[in-house]
*Asks:* 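Right, I'll just put the structure down here and ask away after.
In the text below, chain A, chain B and the rest are named by the order of the sequence lines, each starting its count at 1.
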2 protein chains.
Amino acid sequence: MFSKSCEYAIKVMAFIAFRQAKSKELIGLDPISEAIDSPKAFTAKILQQLTKAELLKSVRGRTGGFYLDQNREIVIADIVRAIDGSKILDGCLLGFGECQDENPCVLHHQIKKERSSLKNRLNSTDIYTIAKRVSRKKAYFKE
Amino acid sequence: MFSKSCEYAIKVMAFIAFRQAKSKELIGLDPISEAIDSPKAFTAKILQQLTKAELLKSVRGRTGGFYLDQNREIVIADIVRAIDGSKILDGCLLGFGECQDENPCVLHHQIKKERSSLKNRLNSTDIYTIAKRVSRKKAYFKE
DNA sequence: GGATTTAAGGATATTTATATCTTTTATATA
DNA sequence: TATATAAAAGATATAAATATCCTTAAATCC
Ligand code: FES
Ligand code: FES
């Protein structure tokens, strides 16, 4: 469903939210990719994308690293849109440009409701909620 | 969500079901790829896969073509499994091998219900139901 | 100021998905 | 039996996603 990049991105954001709940220190690439079990160089690129999309802040140099702007609420859908684009949430499942009720594809009517509730869920789940579940050992970053 | 191959496959199956409701004649590659607006050579490969997976029957030679075994009910999930594999329906969204309640990923709890109802829907929608919608001009194969 | 650390940026490599082309095999019909 | 037709099978080609590597820029520490 999501691209590999997007999978990593969701884990990255959830992990940083989780870590910042405990300590305000910046977090570097190494501990991040270690924690979510992702290839380091590739994860660096994703961190870059997230920073460019302003979902994440970064500081260069010796004591540098990544952190979240605590004031801002970030939901899963924000991350998905930043990495995979909006097509995955709003586009037609069978490749028609946009998913809409006029000129619907053969799957449209069948999965419309289910898709919409999935989308709503991604739009309403923020990363701090997820971070709390991790703290309570109800969710994990790697197998 | 689905691969391009899978998108075409769903359309192929729905189209053949639709055509067979009107006439029992075999249908060839050309009218199929024309109807669903897909690249011909690539569509041939998908038809091959569907035939190997026994979702579709084929006849070679002069009056050859493709047809469906009318006795058998085929649901969208069958097609998805044949082309994209079961990972897309049963695997973890964030790349854990399997989606299950022990050792859940950070998205698991959030989207479990929504995903499950989507899966149920794909498991219960058969291609003849879709074909009927097409007949009533409530769904289309191409934009 | 020079050395060290860390993210950003750019270039490249590898793998997978998408797509096409050519040859072979099966079937019907003239 | 020869010919035409259509799917199967195999070989390539192209594009996109995934992944790594190397250099540059910013910040800290000595
Ligand atoms: S038009 Fe295809 S999913 Fe809505
Ligand atoms: S374990 Fe990841 S979606 Fe269920």
Side-chain angles (χ1 to χ4, degrees), chain A residues 1-13 15-16 19 25-34 36-68 80 82-85 87-88 91 94-95, chain B residues 1-13 15-16 19 25-69 80 82-85 87-88 91 94-95:
Chain A
M1 171 155 186
F2 302 128
S3 70
K4 215 77 191 146
S5 296
C6 193
E7 293 181 7
Y8 295 144
I10 292 168
K11 291 180 192 174
V12 161
M13 296 296 288
F15 175 67
I16 298 178
R19 277 291 293 271
E25 276 177 50
L26 304 201
I27 309 158
L29 167 63
D30 286 16
I32 292 171
S33 81
E34 201 278 325
I36 71 172
D37 194 26
S38 64
K40 209 164 102 175
F42 191 56
T43 308
K45 289 299 182 191
I46 292 159
L47 283 162
Q48 234 175 94
Q49 289 183 68
L50 290 168
T51 305
K52 263 196 178 167
E54 304 194 302
L55 295 176
L56 202 56
K57 304 261 182 184
S58 72
V59 177
R60 290 189 186 184
R62 192 146 198 179
T63 55
F66 299 88
Y67 69 98
L68 291 167
V80 173
I83 305 295
D84 283 348
K87 209 175 151 186
I88 193 170
L94 297 189
Chain B
M1 171 157 187
F2 302 128
S3 70
K4 216 76 192 151
S5 296
C6 193
E7 292 181 8
Y8 295 145
I10 292 168
K11 291 181 192 173
V12 162
M13 295 296 288
F15 176 67
I16 299 177
R19 277 292 293 272
E25 275 177 50
L26 304 201
I27 309 157
L29 168 64
D30 287 15
I32 292 172
S33 81
E34 201 278 326
I36 71 171
D37 194 25
S38 64
K40 209 165 101 176
F42 192 56
T43 307
K45 289 298 182 192
I46 291 159
L47 284 161
Q48 235 175 92
Q49 288 182 69
L50 291 168
T51 305
K52 264 197 179 165
E54 303 195 302
L55 294 176
L56 203 56
K57 303 260 183 184
S58 72
V59 177
R60 289 189 187 186
R62 191 146 196 183
T63 55
F66 299 88
Y67 68 99
L68 292 166
D69 177 1
V80 173
I83 304 296
D84 283 349
K87 208 174 151 187
I88 192 170
L94 297 190

*Asks:* Could you state the NZ-P distance from A:Lys87 to D:dA16, rounded to the nearest angstrom?
*Replies:*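 So the NZ-P distance, A:Lys87 to D:dA16, works out to 11 Å.
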*Asks:* For A:Ala41 and A:Gly61, take the nucleotide of DNA chain D holding the closest heavy atom to each; which residue's nucleotide lies nearer the 5' end?
*Replies:*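 The 5'-side residue here is A:Ala41.
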*Asks:* Atom CG of B:Leu26 to atom P of D:dA6: distance rounded to whole Å?
*Replies:*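 Atom-to-atom, B:Leu26 to D:dA6, this comes out as 11 Å.
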*Asks:* Of all the choices, D:dA8, D:dT28, C:dT29, which nucleotide is nearest to the side chain of B:Phe66 once you look at every atom?
*Replies:*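 When the side chain of B:Phe66 is considered, D:dA8 is the closest of D:dA8, D:dT28, C:dT29.
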*Asks:* Where the side chain of B:Asp69 meets the backbone of B:Lys57, is there a donor-acceptor pair that is under 3.5 Å apart?
*Replies:*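 Absent.
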*Asks:* Report yes if at least one side-chain N or O of A:Gln48 is closer than 4.0 Å to OP1 or OP2 of C:dG9; otherwise report no.
*Replies:*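 Result: yes.
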*Asks:* Report yes or no: is there a donor-acceptor pair, N or O only, under 3.5 Å between the side chain of A:Arg60 and the base of C:dT6?
*Replies:*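 Check fails, no donor-acceptor contact within cut-off.
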*Asks:* What are the two closest heavy atoms between B:Asp84 and B:Ser3, and how far apart are they?
*Replies:*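 Scanning both residues completely, I find the closest heavy atoms to be OD1-OG, 2.6 Å.
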*Asks:* Any donor-acceptor pair under 3.5 Å joining the side chain of A:Lys52 to the base of C:dG9?
*Replies:*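 Between C:dG9 and A:Lys52, which were checked side chain against base, a qualifying N/O pair under 3.5 Å is absent.
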*Asks:* Whole angstrom is fine here: how far is it from CD1 in A:Ile88 over to P in D:dA17?
*Replies:*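 Roughly 12 Å, once rounded to whole Å.
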*Asks:* Going by side chain to side chain donor-acceptor pair (under 3.5 Å), A:Thr43 matches just one of A:Ser5, A:Ser33, A:Ser38. Which one?
*Replies:*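 Filter result, single survivor: A:Ser38.
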*Asks:* Roughly, in whole Å, what's the span from CD1 in A:Ile27 to C1' in C:dA7?
*Replies:*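 Going from A:Ile27 (CD1) to C:dA7 (C1'), I get 14 Å.
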*Asks:* Nearest whole Å is fine: how far is C:dG9 P from A:Leu50 CG?
*Replies:*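 Between P of C:dG9 and CG of A:Leu50: 13 Å.
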*Asks:* Which residue, B:Leu47, B:Thr51, B:Leu50, forms the side chain to side chain contact (heavy atoms under 4.5 Å, CB included) with B:Ser58?
*Replies:*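 Considering B:Leu47, B:Thr51, B:Leu50, a side chain to side chain contact (heavy atoms under 4.5 Å, CB included) with B:Ser58 is found only for B:Thr51.
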*Asks:* Looking at every strand, decide which applies to B:Leu29 at a 4.0 Å heavy-atom threshold: base, sugar-phosphate, or nothing.
*Replies:*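 Answer is sugar-phosphate: B:Leu29 comes under 4.0 Å of backbone atoms only.
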*Asks:* Please check the phosphate of D:dA8 (OP1 and OP2 only) for any side-chain N or O of B:Ser58 closer than 4.0 Å.
*Replies:*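 So the side-chain polar atoms of B:Ser58 do come within 4.0 Å of the phosphate oxygens OP1 or OP2 of D:dA8, strictly under.
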*Asks:* At their closest point, which heavy atom of B:Leu29 faces which heavy atom of B:Lys40, and how far apart are they?
*Replies:*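 Minimum heavy-atom separation between B:Leu29 and B:Lys40: CD1-O, 3.6 Å.
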*Asks:* Both A:Cys6 and A:Val59 contact DNA chain D. Which one's nearest nucleotide lies toward the 5' end?
*Replies:*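 Nearer the 5' end of the strand: A:Cys6.
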*Asks:* Tell me: CZ of B:Phe42 to C1' of C:dT16, nearest whole Å?
*Replies:*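 Between C1' of C:dT16 and CZ of B:Phe42: 12 Å.
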*Asks:* Once you round it to whole Å, what is the distance between C1' of D:dA19 and NZ of A:Lys4?
*Replies:*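 Between C1' of D:dA19 and NZ of A:Lys4: 13 Å.
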*Asks:* Nearest to the side chain of B:Thr51, heavy atoms from C-beta on, is which of D:dA4, D:dA27, D:dA8?
*Replies:*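 My answer, after comparing the listed nucleotides, is D:dA8.
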*Asks:* So, OP1 or OP2 of D:dT18: does either fall under 4.0 Å of a side-chain N or O from A:Ser5?
*Replies:*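 Indeed, a polar side-chain atom of A:Ser5 lies that close.
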*Asks:* Rounded to whole Å, how long is the line connecting atom CG of B:Leu56 with atom C1' of D:dA8?
*Replies:*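 Rounded to whole Å, this separation is 13 Å.
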*Asks:* Spell out yes or no: do the side chain of B:Lys45 and the base of D:dA9 have one donor N/O and one acceptor N/O closer than 3.5 Å?
*Replies:*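 Checked by distance alone, the answer is yes.
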*Asks:* For D:dA19, does either OP1 or OP2 sit under 4.0 Å from a side-chain N or O belonging to A:Tyr8?
*Replies:*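 Result: yes.
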